[in-house]
Engineer: 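Let me begin by handing over the structure; questions about it come next.
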Amino acid sequence: MKIGINHLRFSLLSDDSEIGSFACSDEDLNSFLKDDAKKYQQERMARTYLTHYKTNLVGYFTLVNDNISTREVEEEDRQNWFLHSKYPAIKIARLATCSVFERRGIGRNMLKMSVNIALQNISQYSGCRIITVDSKKDALEFYRKYGWRIAIRKRGDTIPLYRDFYKMENR
Ligand SMILES: CC(C)(COP(=O)(O)OP(=O)(O)OC[C@H]1O[C@@H](n2cnc3c(N)ncnc32)[C@H](O)[C@@H]1OP(=O)(O)O)[C@@H](O)C(=O)NCCC(=O)NCCS
């Protein structure tokens, strides 16, 4: 059964957060949380948010500042009055759901929370219009489902995606 956003608890990672139990299907994402996330946070390189369902740590996502070249977004997403070469952005640097809780709506709700943070917090203090992610190939359809578009840029192992969250939330 799907878990609604009201049943999830989101909190900022802290020095005493218990993260040892987290296991998603991607080892790099497991080791980032266990070995690096606290240091990144202390050093102001990233902010990581934990997602709990009851007493279980079911997911996490990590945000960093970003920008995206105006040429990398679709023509219809361009703001022609804006005479700069890059749009200010925020990036989902990591996002993962614990394997045993996959397909229960946790990922979708973490995307929603990321957009809420961008819209209601970050963009209230500093210019920020676009949310970006470098998607793993297996996760592409997950993002596409929620209106993310492929950035016009060479792909590597990951696929660069973006979403104009301000436009989408104000339609
Ligand atoms: C990709 C990932 C975050 C999805 O999390 P999740 O909690 O299972 O996602 P949700 O349950 O919220 O899924 C929302 C919708 O997307 C669909 N979906 C989820 N993962 C998908 C995938 N890999 N491909 C296609 N559709 C997917 C679900 O079926 C669901 O659709 P529905 O509401 O019609 O049933 C999770 O599988 C994961 O952590 N994978 C390993 C790490 C990873 O790839 N992270 C992304 C890094 S860019």
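In each ligand, atom 1 is the first atom listed, and ligand 1 is the first ligand listed.
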Engineer: If I apply the N/O under 3.5 Å rule, does Glu141 come out as touching ligand 1?
Structural biologist: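 No: no nitrogen or oxygen of Glu141 is under 3.5 Å from one in ligand 1.
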Engineer: Is the closest side-chain donor-acceptor distance between Asp15 and Gln42 under 3.5 Å?
Structural biologist: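 Result is yes, a qualifying pair exists.
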Engineer: Measure the distance from atom 15 (C) of ligand 1 to every protein heavy atom, then report the residue, atom name and distance (to 0.1 Å) of the closest one.
Structural biologist: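 That would be Tyr146 OH, 3.2 Å.
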Engineer: So, Thr62 versus Thr48: side-chain donor-acceptor pair below 3.5 Å or not?
Structural biologist: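 A donor-acceptor contact under 3.5 Å links the two side chains.
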Engineer: How far is atom 32 (P) of ligand 1 from its nearest protein heavy atom, and which residue and atom is that?
Structural biologist: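 Here the nearest protein heavy atom works out to Lys145 NZ, 3.3 Å.
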Engineer: So which heavy atom in the protein is nearest atom 22 (C) of ligand 1, and how far is it from that ligand atom?
Structural biologist: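 In this structure, atom 22 (C) of ligand 1 has Arg103 NH2, 3.3 Å as its nearest protein heavy atom.
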Engineer: Could you tell me whether Arg104 approaches ligand 1 through its side chain, its backbone, both or neither, with non-hydrogen atoms closer than 4.0 Å?
Structural biologist: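 Backbone only; the side chain of Arg104 stays clear of ligand 1.
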Engineer: Which of these, Asn67, Val133, Val64, Ile130, sits in a side chain to side chain contact (heavy atoms under 4.5 Å, CB included) with Lys91?
Structural biologist: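 That would be Val64.
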Engineer: Is any side-chain heavy atom of Arg144 closer than 4.5 Å to one of Ile159?
Structural biologist: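 A side-chain contact is absent here, since even the closest heavy-atom pair is not under 4.5 Å.
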Engineer: Counting both backbone and side chain atoms, is some N or O of Ala96 under 3.5 Å from an N or O of ligand 1?
Structural biologist: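 No; every N/O pair is 3.5 Å or more apart.
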Engineer: CD1/Ile92 to CH2/Trp148 distance, rounded to the nearest 0.5 angstrom?
Structural biologist: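 These two atoms lie 4.0 Å from each other.
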Engineer: Using a 4.0 Å cutoff against the non-hydrogen atoms of Gly105, which atoms of ligand 1 qualify?
Structural biologist: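 Near Gly105, meaning under 4.0 Å from one of its heavy atoms, ligand 1 has 10 (P), 11 (O), 12 (O).
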Engineer: Contact between Asp134 and ligand 1, counting heavy atoms under 4.0 Å?
Structural biologist: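 It does; at least one heavy atom falls under 4.0 Å.
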Engineer: Any non-hydrogen protein atom below 4.0 Å of atom 2 (C) of ligand 1?
Structural biologist: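 No, because not a single protein heavy atom sits under 4.0 Å from atom 2 (C) of ligand 1.
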Engineer: Do the side chains of Arg153 and Glu72 get close enough for a salt bridge, i.e. N-O under 4.0 angstrom?
Structural biologist: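 Looking at Arg153 and Glu72, the cut-off is met.
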Engineer: Report yes if some N/O of Tyr143 lies less than 3.5 Å from some N/O of ligand 1; otherwise report no.
Structural biologist: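 Tyr143 vs ligand 1: no N/O contact under 3.5 Å.
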Engineer: Is the shortest distance from a Lys or Arg side-chain nitrogen in Glu141 or Lys145 to a carboxylate oxygen in the other one below 4.0 Å?
Structural biologist: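 No, this pair does not count.
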Engineer: In terms of residue, atom name and distance, what is the protein heavy atom nearest to atom 40 (N) of ligand 1?
Structural biologist: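 Atom 40 (N) of ligand 1 sits closest to the protein heavy atom Glu102 OE2, 3.7 Å.
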Engineer: Below the 3.5 angstrom mark, is there an N/O of Asn109, backbone or side chain, next to an N/O of ligand 1?
Structural biologist: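 No, Asn109 has no N/O under 3.5 Å of an N/O on ligand 1.
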Engineer: Would you kindly check if the NZ (Lys) or CZ (Arg) of Arg129 is within the cone defined by 45 degrees around the ring axis of Tyr87 and under 6.0 Å from the six-membered ring centre?
Structural biologist: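 Because its charged atom misses either the 6.0 Å distance or the 45° angle limit, Arg129 does not stack over Tyr87.
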Engineer: I need the single residue from Lys167, Arg163, Arg71 that forms a salt bridge (charged side-chain N to carboxylate O under 4.0 Å, His left out) with Asp77. Which is it?
Structural biologist: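 The option that passes is Lys167.
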Engineer: Looking at the rings of Tyr49 and Phe61, which for Trp means the six-membered one, are their centres under 6.0 Å apart?
Structural biologist: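 Yes, the ring of Tyr49 comes within the 6.0 Å limit of the ring of Phe61, centre to centre.
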Engineer: Which of the atoms in ligand 1, numbered in the order shown and given with their element, are less than 4.0 Å from a heavy-atom of Ser135?
Structural biologist: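 Those qualifying, in numeric order: 48 (S).
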Engineer: Regarding ligand 1, does Asp26 bring an N or O atom to under 3.5 Å of one of the ligand's N or O atoms?
Structural biologist: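 N/O-N/O distance below 3.5 Å does not exist for this pair.
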Engineer: Tell me, which protein residue and heavy-atom name are nearest atom 12 (O) of ligand 1, and how many Å apart are they?
Structural biologist: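 Residue, atom and distance for the closest contact: Arg108 N, 2.7 Å.
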Engineer: Specify the protein heavy atom at minimum distance from atom 41 (C) of ligand 1: its residue, its atom name, and the distance to 0.1 Å.
Structural biologist: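 The protein heavy atom lying closest is Ser25 OG, 3.4 Å.
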Engineer: Compute the minimum heavy-atom distance from Lys2 to ligand 1 and say whether it is under 4.0 Å.
Structural biologist: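 Right, Lys2 reaches ligand 1.
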Engineer: Mind checking the CD-OH spacing from Gln79 to Tyr166? Nearest 0.5 Å is all I need.
Structural biologist: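 Gln79 CD to Tyr166 OH: 9.5 Å, rounded to 0.5 Å.
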Engineer: Is Tyr60 close to Thr97 at the side-chain level, that is, under 4.5 Å between some pair of heavy atoms?
Structural biologist: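 No, too far: nothing below the 4.5 Å cut-off.
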Engineer: How far is atom 42 (C) of ligand 1 from its nearest protein heavy atom, and which residue and atom is that?
Structural biologist: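 Sorting protein heavy atoms by distance from atom 42 (C) of ligand 1 puts Leu29 CD1, 3.4 Å first.
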Engineer: May I ask which of Ile159, Leu111, Thr97 has a heavy atom nearer to atom 5 (O) of ligand 1 than the others do?
Structural biologist: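 The option holding the nearest heavy atom is Thr97.
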Engineer: Looking at atom 24 (N) of ligand 1, what's its closest protein heavy atom, distance included?
Structural biologist: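 Result for atom 24 (N) of ligand 1: Asp138 O, 3.7 Å.
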Engineer: Number the atoms of ligand 1 from 1 as they appear, then name those within less than 4.0 Å of a heavy atom of Lys136, with their elements.
Structural biologist: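 Contacts of ligand 1 toward Lys136, numbered from 1: 44 (O), 48 (S).
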Engineer: So, for Arg47 and Leu12, which heavy atoms are closest and what is the spacing to 0.1 Å?
Structural biologist: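 Residues Arg47 and Leu12, closest heavy atoms: NH2-CD2, 3.5 Å.
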